[in-house]
Number of protein chains: 2
Amino acid sequence: MENEKIDIAIVDDHTLFRSGLASLLSEFKEISVIFEAKNGVDLQEKIKNEANVQVILMDINMPIMDGYDTTKWIKANYPRVHILALSMFEDEKAIIGMLKAGAGGYMLKESKPSELLTAVKTIVEKGFYINDLVSGRLLISLKNENPKATFSEKELIFLQFCSTELTYKEIASEMNISPRTVDNYRESLFAKLNIKSRTGLVVYGIKHNLITI
Amino acid sequence: MENEKIDIAIVDDHTLFRSGLASLLSEFKEISVIFEAKNGVDLQEKIKNEANVQVILMDINMPIMDGYDTTKWIKANYPRVHILALSMFEDEKAIIGMLKAGAGGYMLKESKPSELLTAVKTIVEKGFYINDLVSGRLLISLKNENPKATFSEKELIFLQFCSTELTYKEIASEMNISPRTVDNYRESLFAKLNIKSRTGLVVYGIKHNLITI
DNA sequence: ATTTAACAAGGTATTTTTACGGTAACACGA
DNA sequence: TCGTGTTACCGTAAAAATACCTTGTTAAAT
């Protein structure tokens, strides 16, 4: 009954990786790579004609439309398509984020090809593929559930400004609010994160990908 | 005369990328992938038995031993082997760094397979492959050649402390010098980098890998 | 209907950071 | 020997950052 090949698609902005992976996977008799896309928007176009795709291997960091948004869109429009996230990093935020967005599994790009094959087959059979990476992080994330580390839109904008050389007064004028309000954002972040200086805020922001430098 | 295949090796820590690329390249009749390595140390081992390798496709960011050090080592021990850097990012520092280390070319992972083939063939023929990416950055780098951006040992240590929540007074006591001396380091860095705040210093340090967070 | 959270703002005081002035010892190469 | 760079230190004053107090509006949640 399991005679037919699994139809998969690859979404990744790096052509060499995408084509390489396609070439690699085509060596497995169980798998057929039916199309590739270089980002979410590209995928939205191509999936129209290939709606029978079963599994999409999805990169997370892509220009134009990233893995999170693309996964959400796929799950909203083609709910029966399985998504397997493929990432370079063992990043807790990324893992949780992709699973929340609707991915059925998360794998590192440093995995062995045979493990990828296993993952693809498992995700088709069961709808998900939970490896040690995912299960471990899920537990950690549940344990460390920190309700305090949630930031408002304004706080995140302010945090971004913190990494510049603007003084708080200048940030206030950039944000079109009073310096005192900026002070509130700062104090609120300090309290939430148990941080005591702008420097600490910046380092925290960079570490947790809240600030892009 | 050019009948023989070009023997190449791939060094990258991501197995899926490495194997995928090998699979892809093996489709080209002009190329033969003779071995793969997952980092510099791994390469040092494997090249012993494969000294006839002509081109090494080298990733930059790898654990254990990165692309820069590996390239330098190769050039010191196997000077006739050509190195083609393969990177995810169009990063000026990375481009210049790899070329300085001895690489003959620099390509993005989002390049097309055919361009990679051209690069490999060119690098074997001429010893280098200069695409728009590299040529443009080389000029920029020459223009921006900034002799002031050189730091003393103490300044670098101080810079590292800047990314903590310690005040300058506390940093001084950590470094066993007077607060006024710490002030000199700060002022000297500000002047050299045209920066006006501790925040700017920290962001600069992180951006240029002078600070590890 | 009341609480809660985000947003906005004012006042006051202290600490830290930053700017700018100067001096001196020491090593190193020209 | 002369300069140059590095390290090291002192003082003063202004600007910025931080701490702690307060009030109010709005919208969502309960």
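Because the structure is predicted, anything quoted here is derived from the model rather than measured. Throughout, protein chains are lettered first and strands after them, A, B, ... in sequence-line order, and every chain is numbered starting at 1.
Two residues, B:Asn184 and B:Lys196, neighbour DNA chain C, and the one matched to the more 5' nucleotide by heavy-atom proximity is B:Lys196. Looking at which nucleotide of DNA chain D each of A:Thr199 and B:Ile177 is closest to, the 5′-most match is held by B:Ile177. Nearest-nucleotide mapping onto DNA chain D: of A:Lys169 and A:Glu187, the residue sitting toward the 5' end is A:Lys169.
Between B:Phe17 and A:Phe17, the angle of the ring planes stays under 30°, which puts this pair in the parallel group of the 30/60° scheme.
Taking every side-chain heavy atom of B:Phe190 into account, C:dT18 is the closest of C:dT18, D:dC9, C:dC7.
Distances shown here put every side-chain N or O of B:Ser188 at or beyond 4.0 Å from the OP1 or OP2 atom of D:dT6. Within the 4.0 Å cut-off from OP1 or OP2 of D:dT6, not a single side-chain nitrogen or oxygen of B:Tyr185 is found. OP1 or OP2 of D:dC10 lies within a sub-4.0 Å distance of a side-chain N or O belonging to B:Ser178. Side-chain N/O atoms of A:Tyr168 include one lying less than 4.0 angstrom from OP1 or OP2 on D:dT18. Taking only side-chain nitrogens and oxygens, A:Thr181 never comes nearer than 4.0 Å to OP1 or OP2 of C:dC7. At C:dA19, one or more side-chain N or O atoms of B:Arg186 fall inside 4.0 Å of OP1 or OP2 (strictly under the cut-off). For the OP1/OP2 pair of C:dT17 and a distance below 4.0 Å, the side-chain nitrogens and oxygens of B:Arg198 include at least one atom meeting the criterion.
Between the CD1 atom of B:Ile157 and the P atom of D:dT6 there is a distance of 15 Å, rounded to whole Å.
In this structure, a donor-acceptor pair under 3.5 Å is absent between the side chains of A:Thr15 and B:Glu110. Defined by atom type and a distance below 3.5 Å, a donor-acceptor pair is present between the side-chain atoms of B:Ser188 and B:Glu155.
The residue B:Thr167 sits close only to the backbone: its heavy atoms come under 4.0 Å of sugar-phosphate atoms, none of a base.
In this structure, B:Tyr106 OH and B:Met98 CE are separated by 8.5 Å, a value rounded to the nearest 0.5 Å.
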